[in-house]
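Some notes on the structure that comes next.
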There are 2 protein chains.
Amino acid sequence: MNPSRPVTLDDVARRAGVSRSAASRVINNAPHVSKAKRDAVLRAVHDLGYVPNASARALATNQVGAVVLALSAEDPQVFADPFFAEVIVGVTSVLEETDLELMVMLATSARGQTRLEQLLRTRQADGVMLMSMHGDDPIARLAEQSDVPVVFGGRPVNFEPRYYVDADNRGGARLATEHLVAIGRRRIATITGRMDEGAGTARYKGYQEALAVAGLDAGRVVHGDFTEDGGGRAMAELLARHPDLDAVFVASDQMAIGALRVLKDAGKSVPGHVAVVGFNDIATARHTAPPLTTISQPIQSLGHEMARMLLTLTSGDTPSPLILPTRLVQRASTTSTITARSA
Amino acid sequence: MNPSRPVTLDDVARRAGVSRSAASRVINNAPHVSKAKRDAVLRAVHDLGYVPNASARALATNQVGAVVLALSAEDPQVFADPFFAEVIVGVTSVLEETDLELMVMLATSARGQTRLEQLLRTRQADGVMLMSMHGDDPIARLAEQSDVPVVFGGRPVNFEPRYYVDADNRGGARLATEHLVAIGRRRIATITGRMDEGAGTARYKGYQEALAVAGLDAGRVVHGDFTEDGGGRAMAELLARHPDLDAVFVASDQMAIGALRVLKDAGKSVPGHVAVVGFNDIATARHTAPPLTTISQPIQSLGHEMARMLLTLTSGDTPSPLILPTRLVQRASTTSTITARSA
DNA sequence: TTGAAAGCGCTAACAA
DNA sequence: TTGTTAGCGCTTTCAA
């Protein structure tokens, strides 16, 4: 026997003493095969260690056997982020139950974009999960029109895709702001995220809604960019423009960290003078001084549900969009029972 | 024209008025095509928006057109980690220049392991980058014997693969320990990582070497498990067994965070009583109290170089293994110039 | 330099 | 319930 030649379906058929099509039927457990033949084929498969050739199958069935997780962003550094890693874990845990492979595309360069476009046009994947990280991404619209099944992770700012899974950014922001109201704050500011991202606008809306309901002024607003430095700058501006503020809802933990630093430098105690709530519950949030109250979102579930939704779609069914709940994680930056152990 | 039928090479050939093989030659820019025909084909490709069918090509050439990044670990949560995300970014940035797709496999379940094994046996990828996160992984040995090109990220504890990219864990640990010596500490302990991981043993070795060179006792050792809680427990044990210690090299930042907490609870000041150095330079390290001196490793480069090495291998050349330098990042947990701003 | 034709390994329509 | 046959779209000898 030739050691390097791969085992083909023909080999299996020959070994089992059946026709190739019979063998094929068994492999794909299709009907119309007698139990005797089926067993013979199964044994041959086992003995020979047969594994179907994915390319050949893909060519014959016009199904690729793989889905892609595509992240479209301007800055590749966006992906060097635990968020992204967790999404992959969620996605993988679902795909592991299927025979689909996962391809990852980070579409940031022109070349990457082109490839993603071609993939969408020419159906080189059975489905696409797309997370578009910046506003007004042409890829997003292109994907929506493609006849490849596409599931969005998060919603682009400019339109609502048919199929998406999103965290409840608006609800989370409302939760955060309501919490600030509940602990007695009345002059509540916000540092928003980028307003060309869905998460940015949604969180801003949540802030506005909560204050409207409480009958409080929602005018203490500075727009940030989701970065730590940007959060610091925004906080400084906020202090300059609204020195009376007694709380701030910051649309991301990264920005909140920058804001905490600026508050400390300005001699403001947290939460004494100013209570702070962040968003995302990143690992560092437990370790800031003081630890950061924040909104936690189920990132792995996001990946999980995206994959599930894509499977539903590829199987021909029509899923409905999904919004995953967020929750408040209370820490010392809003509850002053123990401001700091060393105080 | 049929709107949904994909454009094939035949379409291109017909449009350009040449044979299919001529068109194929142009596409793969092979020789033996007149300039006139070449141009005609190119134009047809452009006009028709032709993109080759990857499956068909794979079948014909017996090359898949994809490489896989496989992470083998016992606990899927290992991947929900920025480390992993950064490696992917590094890998992708290289692959983007080629025509290779990236597949990601998280081999943690039995099913995932099996798939990875089959992939290795049946050559369903043009190459594999394997990061094996736990000791004595059968996959690692299997991979090493496979005739699919395999590059390791990090070295398994039990053997040295032919092709690997690793961070200089040993050197980094030496750096960390030497730093503690340099700032005048003499009773330097360590909390090691898991000793069934390459990084765990290598960092322990580095610690030992540095102390040997300095002529100091390297007996203050407790083995940890790379987790925050484990680090806390190990620190407690260290304090119990060696109450005289004046410094500790902790083999990961996560463990160091646990250790810092235990030190504080025990009333030990950092770095006053005990200086602390971590490893990895995770994002949180800047925000602990006090900020953590640590060893930073070039994670994106790791991914980058793994991909490069794999390309070298697939092109038939023989690369040599690579060890990437680490560096010391000095923060307040070892330098007491300003212990704490609020002090 | 060119084109015809065989074949990669599989599936599926058809006939038996 | 079976087996025969014709492709899927591409590459690659081979002969012209």
Side-chain angles (χ1 to χ4, degrees), chain A residues 2 4-42 44-45 48-66 99 118-119 121-126, chain B residues 2 4-42 44-45 48-66 99 118-119 121-126:
Chain A
N2 185 330
S4 71
R5 191 179 64 80
V7 179
T8 73
L9 189 55
D10 285 294
D11 297 330
V12 171
R14 207 167 304 128
R15 168 74 159 248
V18 305
S19 72
R20 185 167 68 249
S21 44
S24 173
R25 284 181 193 117
V26 173
I27 303 289
N28 301 296
N29 45 49
H32 307 308
V33 188
S34 66
K35 173 138 178 49
K37 278 206 197 306
R38 165 156 276 129
D39 289 347
V41 171
L42 256 21
V45 165
L48 268 36
Y50 169 74
V51 176
N53 179 314
S55 308
R57 178 177 279 179
L59 181 58
T61 58
N62 197 28
Q63 299 215 337
V64 182
D99 282 318
Q118 290 188 344
L119 182 146
R121 272 204 310 115
T122 63
R123 228 184 158 44
Q124 305 273 16
D126 296 328
Chain B
N2 185 331
S4 70
R5 189 179 65 78
V7 179
T8 72
L9 189 55
D10 285 294
D11 297 330
V12 171
R14 208 166 304 130
R15 167 72 160 251
V18 304
S19 72
R20 185 165 70 249
S21 40
S24 174
R25 283 182 194 116
V26 173
I27 303 290
N28 301 297
N29 44 50
H32 306 308
V33 188
S34 66
K35 171 138 178 51
K37 280 207 198 303
R38 165 157 275 129
D39 289 347
V41 171
L42 257 20
V45 165
L48 268 35
Y50 169 74
V51 176
N53 179 315
S55 308
R57 178 175 280 180
L59 181 58
T61 59
N62 196 29
Q63 299 216 336
V64 181
D99 281 319
Q118 290 188 345
L119 183 145
R121 270 204 310 117
T122 64
R123 231 184 157 39
Q124 306 273 16
D126 297 328

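Sequence lines set the chain letters: A, B, ... in the order given, protein chains first and strands last, and positions in each chain run from 1. These numbers come from a predicted model, not from an experiment.
- Taking the side chain as every heavy atom from C-beta outward, A:D99 and A:R57 never approach each other to under 4.5 Å.
- Considering all non-hydrogen atoms of both residues, B:A22 and B:V33 come closest at O-CG2, 4.5 Å.
- Comparing D:dC10, D:dG9, D:dT2 by their nearest atom to the side chain of B:P6 picks out D:dG9.
- A straight line from CZ of A:R14 to P of D:dG3 spans 14 Å, rounded to a whole angstrom.
- The interatomic distance linking A:L9 (CG) with D:dT4 (P) rounds to 14 Å, in whole Å.
- In this structure, A:Q63 atom CD and D:dC8 atom P are separated by 17 Å, rounded to whole Å.
- Take the nearest nucleotide of DNA chain C for B:P31 and for A:N28: the residue whose nucleotide is more 5' is B:P31.
- Within the structure, every side-chain polar atom (N or O) of B:N53 is placed at least 4.0 Å from both OP1 and OP2 of D:dC8.
- Remark: P of C:dT11 and CG of A:D10 are 11 Å apart, rounded to the nearest angstrom.
- Near DNA chain D, defined here as any heavy-atom distance below 4.0 Å, the residues from residues 17-25 of chain B are B:R20, B:S21, B:S24, B:R25, listed numerically.
- You'll find the side chain of B:R123 stays beyond 4.5 Å of the side chain of B:V64, heavy atoms only.
- Rounded to whole angstrom, the span from the CG atom of B:L59 across to the P atom of C:dG7 amounts to 14 Å.
- In this structure the side chain of A:R25 never reaches within 4.5 angstrom of the side chain of A:V18, judged on heavy atoms.
- Distance A:H32 NE2 to C:dA13 P: 12 Å, rounded to the nearest Å.
- Nucleic acid contact class of B:N62 (heavy atoms, under 4.0 Å, all strands): none.
- Phosphate contact (OP1/OP2 of D:dT2, side-chain N/O of A:S34, threshold under 4.0 Å): present.
- Nearest heavy atom pair, residue B:D126 against residue B:G65, reads OD2-N, 2.5 Å.
- The two residues B:Q124 and A:N53 have their closest heavy-atom pair at NE2-CA, 3.8 Å.
- For the pair B:R5 CZ and D:dG9 C1', the interatomic distance rounds to 11 Å; values are reported in whole Å.
- In this structure, A:T61 does not reach the D:dC8 phosphate: none of its side-chain N or O atoms is under 4.0 Å from OP1 or OP2.
- Taking OG of B:S19 as the reference point, atom NZ of B:K37 lies at 7.5 Å (rounded to 0.5 Å).
- Backbone-only contact: B:P52 has heavy atoms under 4.0 Å from sugar-phosphate atoms and none from a base.
- At whole-Å resolution of the value, CD in B:Q124 and C1' in C:dC10 are 12 Å apart.
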